[in-house]
Colleague: 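So that we are looking at the same thing, I have put the structure below in structure tokens.
Sequence positions, counted from 1, serve as the residue numbers for this chain. For the numbers below, each heavy atom of this structure counts, side chains included, while hydrogens, waters and symmetry mates do not.
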Amino acid sequence: MVDAMSSDKKIQVETAFALPDKQAIVELEVTEGTTAIEAVRQSNIAARFEGLDVEDARLGIFGKVVTGAQVLKAGDRVEIYRPLIADPKEIRKARAEKAKERRAAASD
């Protein structure tokens with residue numbers, strides 16, 4: 001919802017979402033005072049990706065996580081983040097353990 005105090009001034013913003021094999025950036029003009037979630041809805045970016053639920057997605061602006069209520073500034077890019085499939089720390093730990101096992105096997 002746009003704040004009643006805001007003007008009818010328009011600003012340029014982008015919304016972005018990416019999968020490993022497909023990505024989209026949608027440029028749009030919104031009314032000053034538009035929030036991140038409103039811009040995502042207005043961009044209709046979810047229609048390009050089956051199963052994308054923007055209402056429950058984490059959002060960010062240029063890599064910094066924000067709430068859907070974050071008011072946008074001209075030039076902002078709202079990024080829609082996918083949920084992590086695996087914890088990156090656990091992946092690194094497993095990779096390090098495998099490397100350790102390979103080194104031990106190679107020295108035998």
Colleague: Between Arg41 and Glu55 (salt bridge meaning N to carboxylate O under 4.0 Å), is one present in this structure?
Modeller: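 Looking at Glu55 together with Arg41, the answer is yes, because their closest N to O distance falls below 4.0 Å.
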Colleague: Do you know the tightest heavy-atom contact between Gly75 and Val13?
Modeller: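 Shortest heavy-atom contact: N-CG1, 4.5 Å.
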Colleague: With a 4.5 Å cut-off on side-chain heavy atoms, are Ile80 and Val54 touching?
Modeller: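 The answer is yes, as the side chains (C-beta and beyond) meet within the 4.5 Å cut-off.
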Colleague: Measure the spacing between NZ of Lys100 and CD of Glu97 and express it to the nearest 0.5 Å.
Modeller: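 Going from NZ on Lys100 over to CD on Glu97, the span is 5.5 Å.
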Colleague: Search all heavy atoms of Ala24 against all heavy atoms of Arg48 and return the closest pair with its distance.
Modeller: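 Minimum heavy-atom separation between Ala24 and Arg48: CB-NH1, 3.8 Å.
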Colleague: How close do Val26 and Leu28 get, heavy atom to heavy atom, and via which atoms?
Modeller: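 Looking at all heavy atoms of both residues, the shortest contact is O-CD2, 3.6 Å.
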Colleague: Are Arg77 and Glu79 ion-paired here, with the side-chain N under 4.0 Å from a carboxylate O?
Modeller: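 Result for this pair is yes, salt bridge flagged.
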Colleague: With respect to Gln70, which candidate in Ile61, Thr35, Leu59 satisfies the side chain to side chain contact (heavy atoms under 4.5 Å, CB included) definition?
Modeller: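 Of all the options given, the one that passes is Ile61.
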Colleague: Just verifying a value: how many Å separate Thr15 OG1 and Ile37 CD1, rounded to the nearest 0.5 Å?
Modeller: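 That separation rounds to 10.5 Å.
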Colleague: In terms of hydrophobic clusters joined by side-chain contacts under 4.5 Å, are Phe62 and Val40 together?
Modeller: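 The answer is yes; both residues are in one hydrophobic cluster.
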Colleague: Would you say Arg82 and Pro20 make side-chain contact, with heavy atoms under 4.5 Å?
Modeller: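 When only atoms from C-beta onward are counted, Pro20 and Arg82 do touch, with a gap below 4.5 Å.
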Colleague: Output yes when a side-chain donor or acceptor of Asp56 lies under 3.5 Å from a complementary backbone atom of Asp53, and no otherwise.
Modeller: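 Not confirmed, Asp56 side chain does not pair with Asp53 backbone.
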Colleague: Could you state the interatomic distance from OG1 (Thr34) to CD (Gln42), rounded to the nearest 0.5 Å?
Modeller: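 Rounded to the nearest 0.5 Å, the OG1-CD separation comes to 5.0 Å.
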Colleague: Just verifying a value: how many Å separate Ile45 CD1 and Glu14 CD, rounded to the nearest 0.5 Å?
Modeller: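 It is 10.0 Å, given to the nearest 0.5 Å.
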Colleague: Distance check, rounded to the nearest 0.5 Å: Lys22 atom NZ versus Phe17 atom CZ?
Modeller: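 One gets 9.5 Å once the value is rounded to the nearest 0.5 Å.
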Colleague: Would you mind reporting whether Thr31 and Lys10 have side-chain heavy atoms less than 4.5 Å apart?
Modeller: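 Yes, side chains in contact.
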